[in-house]
K.L.:
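There's a structure below that I have some questions on.
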Amino acid sequence: MWWLIPVGIGVGLKLLYDSVSDDEYKARERWESKRIEVEKTIEEHQENIDAHLKESQNSYDFYFLNELHYSSVQISNAAYQLLDDSRSSFNGINKMLKKAKEQKILLQDKLDRYKKENNNNKADEIKKELKMVNELRRNVFDDRDKLKLQKESFLNEVQRLNHQTRDLKELIRDRCGSKGKDWYLRLEARKSNR
């Protein structure tokens, strides 16, 4: 700005002023008159860039979170298949327990009969079989209890995963702009169509 100082201020400044060409002088005037306007334009452009970067970040987050949601749903589906397996196992164990009880009743009847007949050899054999059946039943009961605890724990984890997946779905809806909202609405429409 010092070079735009009017002539007559001093000989040294006049020499400096005279060393500037008309083109340079006009350029400086344009600079001073347009700088504020250009600064405002730059500021608006930077805000626009920040908004696009944010959109780009949300776009990245959208794809990342979308993949995370998808994998969470896949894991949950696999977990429910495993829960079906645990239910089948539980049913199998209950069938084993029912059969073991029937076998125990049968053996108990035989034991009672052999005792009445004073057939100690056969009674001793039946006692050994009864002991094995009772031990098997205890092991199966223990196994069923263990499976029940595992199933309950697993189900709690699956429910926690489902809760997190739901939260993730809502996060995508709320944080990922229009892409997230559109994705959420399409997902809900697919769910209601099933």
Side-chain angles (χ1 to χ4, degrees), residues 54-117 119-194:
K54 201 173 206 178
E55 237 179 89
S56 175
Q57 181 63 41
N58 282 340
S59 178
Y60 170 78
D61 286 345
F62 169 76
Y63 292 114
F64 174 75
L65 295 174
N66 189 9
E67 284 295 318
L68 188 58
H69 180 269
Y70 177 77
S71 65
S72 184
V73 168
Q74 295 299 344
I75 291 167
S76 184
N77 289 342
Y80 275 108
Q81 288 176 344
L82 286 175
L83 282 170
D84 285 342
D85 290 344
S86 75
R87 287 180 195 103
S88 295
S89 296
F90 204 75
N91 289 337
I93 287 173
N94 285 334
K95 287 177 185 176
M96 288 174 66
L97 287 171
K98 184 179 176 185
K99 280 289 186 193
K101 183 177 181 180
E102 289 170 1
Q103 185 64 25
K104 179 183 174 183
I105 291 170
L106 236 124
L107 289 171
Q108 192 64 50
D109 288 344
K110 281 186 179 181
L111 180 63
D112 291 343
R113 192 175 61 228
Y114 289 136
K115 281 183 176 179
K116 284 180 186 175
E117 296 172 356
N119 190 340
N120 292 333
N121 288 339
K122 289 284 187 182
D124 288 342
E125 286 177 27
I126 298 298
K127 284 180 185 177
K128 288 178 187 176
E129 284 184 53
L130 261 174
K131 186 178 177 182
M132 287 191 304
V133 168
N134 286 331
E135 191 174 326
L136 173 68
R137 286 186 74 221
R138 273 193 299 277
N139 289 335
V140 174
F141 273 117
D142 289 346
D143 191 41
R144 186 178 73 169
D145 292 344
K146 179 181 168 185
L147 179 63
K148 184 179 179 183
L149 289 174
Q150 289 172 343
K151 179 184 165 193
E152 288 171 0
S153 174
F154 191 76
L155 180 60
N156 288 337
E157 289 303 308
V158 172
Q159 289 171 338
R160 190 169 70 87
L161 175 65
N162 285 341
H163 181 75
Q164 289 175 320
T165 303
R166 186 185 70 240
D167 290 349
L168 181 59
K169 179 176 72 169
E170 292 169 358
L171 180 76
I172 292 169
R173 177 195 65 200
D174 297 340
R175 261 191 68 201
C176 294
S178 61
K179 280 183 186 180
K181 285 178 179 64
D182 291 343
W183 172 85
Y184 180 86
L185 292 173
R186 286 192 314 272
L187 182 65
E188 291 300 305
R190 282 193 306 269
K191 277 175 50 181
S192 66
N193 287 337
R194 280 189 235 147

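Numbers here are sequence positions counted from 1.
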K.L.:
If you look only at distance, which donor and acceptor atoms sit under 3.5 Å apart when one is on a side chain in residues 92-104 and the other is two or more places apart or in another chain?
P.N.:
unit_1, atom_1, unit_2, atom_2, d
N94, OD1, R144, NH1, 3.0
N94, ND2, F90, O, 3.4

K.L.:
Who are the side-chain hydrogen bond (donor to acceptor under 3.5 Å, both in side chains) partners of D167, not counting sequence neighbours?
P.N.:
H163

K.L.:
Is there a donor-acceptor pair closer than 3.5 Å between any side-chain N or O of D143 and the backbone N or O of N139?
P.N.:
no

K.L.:
If you draw a 6.0 Å radius around NZ in K151, do more than 12 non-hydrogen atoms from other residues or ligands fall strictly inside?
P.N.:
yes

K.L.:
What distance do K148 atom NZ and S89 atom OG have between them, rounded to the nearest 0.5 Å?
P.N.:
15.5 Å

K.L.:
Would you give the length of the straight line joining atom CE of M132 to atom CG of L107, rounded to the nearest 0.5 angstrom?
P.N.:
9.0 Å

K.L.:
If you round to the nearest 0.5 Å, how far is CZ of R113 from NZ of K115?
P.N.:
13.5 Å

K.L.:
Could you check if a side-chain atom of L65 sits within less than 4.5 angstrom of a side-chain atom of C176, using non-hydrogen atoms only?
P.N.:
yes

K.L.:
Report the distance from atom OH of Y63 to atom CD1 of I172, rounding to the nearest 0.5 Å.
P.N.:
12.0 Å

K.L.:
Taking C-beta and beyond as the side chain, do I105 and D109 meet within less than 4.5 Å on heavy atoms?
P.N.:
yes

K.L.:
Show the atom names and distances, to 0.1 Å, of all donor-acceptor pairs under 3.5 Å that link a side chain in residues 120-129 to residues at least two apart or in another chain.
P.N.:
none

K.L.:
List for me each residue that meets side-chain hydrogen bond (donor to acceptor under 3.5 Å, both in side chains) alongside R137, sequence neighbours excluded, and say none if there are none.
P.N.:
none

K.L.:
In Å, rounded to the nearest 0.5 Å, how long is the span from CG of N134 to CG of L130?
P.N.:
6.0 Å

K.L.:
Applying side-chain hydrogen bond (donor to acceptor under 3.5 Å, both in side chains), name anything that partners E157, two or more places apart in sequence or on another chain.
P.N.:
R160

K.L.:
Which residue pairs pass the side-chain hydrogen bond (donor to acceptor under 3.5 Å, both in side chains) test with at least one member in residues 180-194, sequence neighbours excluded?
P.N.:
N66-W183, K169-E188, R173-Y184

K.L.:
If you define the side chain from C-beta out and look only at heavy atoms, does anything of V73 sit under 4.5 Å from H69?
P.N.:
yes

K.L.:
Starting at CZ of F141, measure out to CG of L136 and round the result to the nearest 0.5 Å.
P.N.:
10.5 Å

